[in-house]
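Data first, discussion second: the structure below is written as structure tokens.
What you see below is based on every heavy atom in this structure, not just the backbone, and it leaves out hydrogens, waters and symmetry mates.
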Amino acid sequence: AERKHTMLRTIASRALSAVRANVPVARMCTAAGNRVAENEEQAVGLEREEMLAEMEGKDAFDGQLVGPFGTKDAPVMVESIFSERIIGCPGHCDQGDTSNFNEVQWFKVKEGAPFVCPDCNQYFALKRISPTAMAE
């Protein structure tokens, strides 16, 4: 902790000197032998989880749900680290091909309360996961 504090104080001092000398801060840092931290080194929380998943070729936020038609007994499971999630359904899924339908129906799926799409009667249910499970 003391080392970080000293390093931050040194960087701040050099940045102030560079500003006074009208030298761009980024140039000053590289010229002094220091470097600016990369995003992967300083990201925290959901941003870090998203980066880690992306490094493994996964999408932490699953852009699209793909699978069998959701029924009352076997709903489409929507993963979320929160107690609800907004998802979209193209409607008319019960007819197979949804490419002719451009009106996506947006709705919230809440934990403990399955949602039924009013357009196609497909069932969706929320499955709560931990933030670290997103990267797995």
Side-chain angles (χ1 to χ4, degrees):
E2 181 61 35
R3 183 175 174 218
K4 271 188 178 176
H5 182 67
T6 303
M7 185 172 24
L8 289 174
R9 194 171 39 228
T10 303
I11 291 171
S13 174
R14 289 181 182 166
L16 183 58
S17 297
V19 169
R20 288 183 181 151
N22 202 23
V23 175
V25 175
R27 183 172 162 226
M28 179 275 313
C29 287
T30 55
N34 295 326
R35 63 182 184 78
V36 177
E38 299 290 328
N39 286 343
E40 295 82 12
E41 297 169 314
Q42 62 186 357
V44 296
L46 289 177
E47 180 182 20
R48 182 170 179 75
E49 295 297 331
E50 184 177 18
M51 282 183 179
L52 292 173
E54 192 174 286
M55 290 168 135
E56 294 177 6
K58 299 177 183 176
D59 181 2
F61 299 107
D62 289 327
Q64 195 171 37
L65 297 173
V66 178
F69 188 82
T71 64
K72 186 174 185 176
D73 295 327
V76 174
M77 297 308 293
V78 179
E79 292 183 342
S80 178
I81 62 171
F82 301 106
S83 61
E84 62 184 32
R85 182 170 175 186
I86 297 174
I87 66 170
C89 182
H92 304 287
C93 301
D94 53 345
Q95 298 173 13
D97 181 17
T98 61
S99 61
N100 294 326
F101 305 103
N102 296 321
E103 290 288 327
V104 174
Q105 305 293 319
W106 296 100
F107 52 86
K108 274 187 201 176
V109 176
K110 297 181 181 181
E111 187 175 26
F115 182 86
V116 182
C117 176
D119 209 24
C120 66
N121 296 319
Q122 181 164 207
Y123 281 75
F124 297 87
L126 188 115
K127 176 184 175 187
R128 202 76 189 264
I129 61 170
S130 69
T132 55
M134 291 187 329
E136 294 174 355

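Proximity of a side-chain donor or acceptor of Arg85 to a complementary backbone N or O of Leu126 within less than 3.5 Å is not detected. Remark: the backbone N or O of Gly70 is paired with a side-chain donor or acceptor of Gln122 at under 3.5 angstrom.
Separating the CZ atom in Phe69 from the CG atom in Asn121 is a distance of 6.5 Å, to the nearest 0.5 Å. Once rounded to the nearest 0.5 Å, the distance linking CD of Glu84 with NZ of Lys108 reads 4.0 Å.
Annotation: side chain of Leu52 is in contact with side chain of Arg48 (closest heavy-atom distance under 4.5 Å). Looking at heavy atoms from C-beta onward, Pro75 lies out of side-chain contact with Pro114 at the 4.5 angstrom threshold.
Membership of the apolar cluster around Val116 extends to Tyr123, as traced through chained side-chain contacts below 4.5 Å between ILVMFWY residues.
The side chain to side chain donor-acceptor pair (under 3.5 Å) search around Glu54 returns none, not counting sequence neighbours. Phe107 is linked by a ring pair (Phe, Tyr, Trp, His ring centres under 6.0 Å) to Phe115, Phe124, counting only residues two or more places apart in sequence or in another chain. With sequence neighbours excluded, no residue forms a side chain to side chain donor-acceptor pair (under 3.5 Å) with Lys110. In terms of the salt bridge (charged side-chain N to carboxylate O under 4.0 Å, His left out) criterion, residue partners of Glu111 (sequence neighbours excluded) are, by chain and number, Arg128.
The stretch residues 68-78 participates, sequence neighbours left out, in no side-chain hydrogen bond (donor to acceptor under 3.5 Å, both in side chains) pair at all.
Linking Ile, Leu, Val, Met, Phe, Trp and Tyr residues whenever their side-chain heavy atoms come within less than 4.5 Å leaves Val44 and Met51 in two separate clusters.
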